[in-house]
Amino acid sequence: MISADRLPRQFFDRPTLTVARQLLGTRLVRLEDGQRLSGIITEAEAYISKADLGCHAHVGRTPRTQVMYGPPGHAYVYFTYGMHWCLNFVTEQEGFPAAVLIRAIYPMEGLETIAARRAPQPPALWTNGPAKITKALNIHRLHNGLDLCDPQSEIFVEIGESIPDECVTNGPRVGLNTVPEPWKSKPWRFLVHDLPLNRTRQASP
DNA sequence: AGCACGATTAACT
DNA sequence: GTTAATCGTGCTC
C-alpha cells in the first residue's frame with residue numbers, strides 16, 4: 001500500500017465503543033513540513049457522555065470540553081499533569097460529548113524523527129503511552145479542535161489492517177484511580193496484544 | 001486571586 | 001512500588 005484515504009466523518013459518527021474498537025489497526029498520520037509521521041493504532045479508550053465520571057465532559061460544557069460536544073471527527077487535545085498533551089478523536093453526534101483517547105501506536109513512518117524526539121528511550125517505549133505519542137509526533141495545544149476529515153488537516157487517520165477479536169484485549173481504563181464505580185471499572189479500554197513489536201504496560205508482580 | 005487536582009512519564013529504591 | 005516534575009482547569013472565596 002502506498003497511501004490510503006482518510007477515514008470519513010461517518011467512521012467517527014457511531015457509538016464510541018464501536019469507534020474505539022474499530023480504530024485498532026488503523027493508521028494515525030501526522031504531516032509535518034511535508035513529512036509523514038505515522039503509526040498503527042494499538043490501544044484506545046472510550047470516554048462517553050456527561051454521565052461518565054471518568055470523562056472530562058462530566059463537568060459539562062466548558063472551554064476545555066466544548067470540542068467534545070462538537071461534531072465527530074475532530075481532535076480533542078488536552079493538557080495534563082502540568083506537562084503532557086494527549087490526543088483524542090471526538091465521536092458521536094454533535095451535542096453528545098464523547099471521545100476516544102489514543103493510548104499507543106506502532107511506529108511506521110518518520111522513525112528517525114520519532115527516535116530523535118523520544119531519545120534515549122528504546123523503540124518499544126517510543127509511543128506506548130498517550131503523552132509519548134504526542135511528544136513523538138509533535139501534537140499539542142494548537143491541534144485542539146482540528147478537523148481530522150478536512151483534506152487539508154495535518155493530522156488524520158487512514159484505513160489499515162483489520163485486527164481480529166482474538167488479538168484484542170479489553171478491560172478497565174487506565175489512570176482513573178479516584179473515579180467512582182461503576183465508571184472506574186467499565187471495560188472501555190481496547191488494546192492489540194498481537195502486533196509484531198507489541199508493547200504493553202509493565203505487568204505488576 | 002487562590003487552591004487542589006490530574007485520561008502521565010521517567011527515574012529511582 | 002514509589003515519587004517528583006509542572007501548570008491548565010474548574011471551583012471557591
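Please read all numbers here as calculations on a predicted model, not as lab measurements. Within every chain, numbering begins at 1; the chains are lettered A, B, ... in the order of the sequence lines, protein sequences first and strands thereafter. What's counted below: heavy atoms across the whole structure, side chains too, no hydrogens, waters or symmetry copies.
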Rounded to whole Å, please give me the gap between [atom1] in [X] and [atom2] in [N].
| X | N | atom1 | atom2 | result |
| --- | --- | --- | --- | --- |
| A:Asn177 | C:dT3 | CG | P | 14 Å |
| A:His56 | B:dG6 | NE2 | C1' | 7 Å |
| A:Arg189 | B:dT8 | CZ | P | 10 Å |
| A:Lys186 | B:dA7 | NZ | P | 18 Å |
| A:Lys135 | B:dT9 | NZ | C1' | 9 Å |
| A:Arg118 | B:dT9 | CZ | C1' | 8 Å |
| A:Glu45 | B:dT8 | CD | P | 8 Å |
| A:Trp85 | C:dG8 | CH2 | C1' | 8 Å |

**Study point:** Distance-only donor-acceptor check, side chains A:Gln22 and A:Thr18, under 3.5 Å
**Key:** no
Review point. Hey, is A:Glu45 close enough to A:Arg173 for a salt bridge, meaning N to O under 4.0 Å?
Key: no
Study note, to complete from the structure: C:dT6 -> Watson-Crick or G-U wobble partner, both distances under 3.5 Å, gives none
Exercise for review: Can you tell me the pairing partner of B:dA7 across any strand shown, Watson-Crick or G-U wobble, with both distances under 3.5 angstrom?
Suggested key: none
Point to revise | Residues, nucleotides or ligands: over 12 heavy atoms within 6.0 Å of A:Glu181 CD | key: yes
Review point. Between A:Arg117 and A:Glu32, does a salt bridge (charged side-chain N to carboxylate O under 4.0 Å, His left out) hold up when you go through it step by step?
Key: CA-CA 14 Å; A:Arg117 290 185 175 144; A:Glu32 190 179 24; 2.9 Å; yes
Revision key, fill the gap. Residues A:Ala136 and A:Trp126: closest non-hydrogen pair is CB-O, 4.4 Å
Kindly point out which of [options] is positioned nearest to the side chain of [X]?
| X | options | result |
| --- | --- | --- |
| A:Thr62 | B:dA7, C:dA5, C:dG10 | C:dG10 |
| A:Thr178 | B:dG6, B:dT8, B:dA7 | B:dG6 |
| A:Met83 | C:dT6, B:dT9, C:dG10 | C:dT6 |
| A:Gln121 | B:dA7, B:dA11, C:dG10 | B:dA11 |
| A:Phe79 | C:dA5, C:dG8, B:dA7 | C:dG8 |
| A:Tyr76 | B:dA7, C:dA5, C:dC7 | B:dA7 |

Base, sugar-phosphate, or nothing: which does [X] touch, judged by heavy atoms less than 4.0 Å apart?
| X | result |
| --- | --- |
| A:Arg64 | sugar-phosphate |
| A:Gly175 | sugar-phosphate |
| A:Leu101 | base |
| A:Lys132 | sugar-phosphate |

Point to revise | Donor-acceptor pair present, A:Tyr81 side chain and C:dA5 base, under 3.5 Å | key: no
Review point. Would you call the rings of A:Trp85 and A:Phe79 parallel, tilted or perpendicular, where under 30° means parallel and over 60° means perpendicular?
Key: tilted
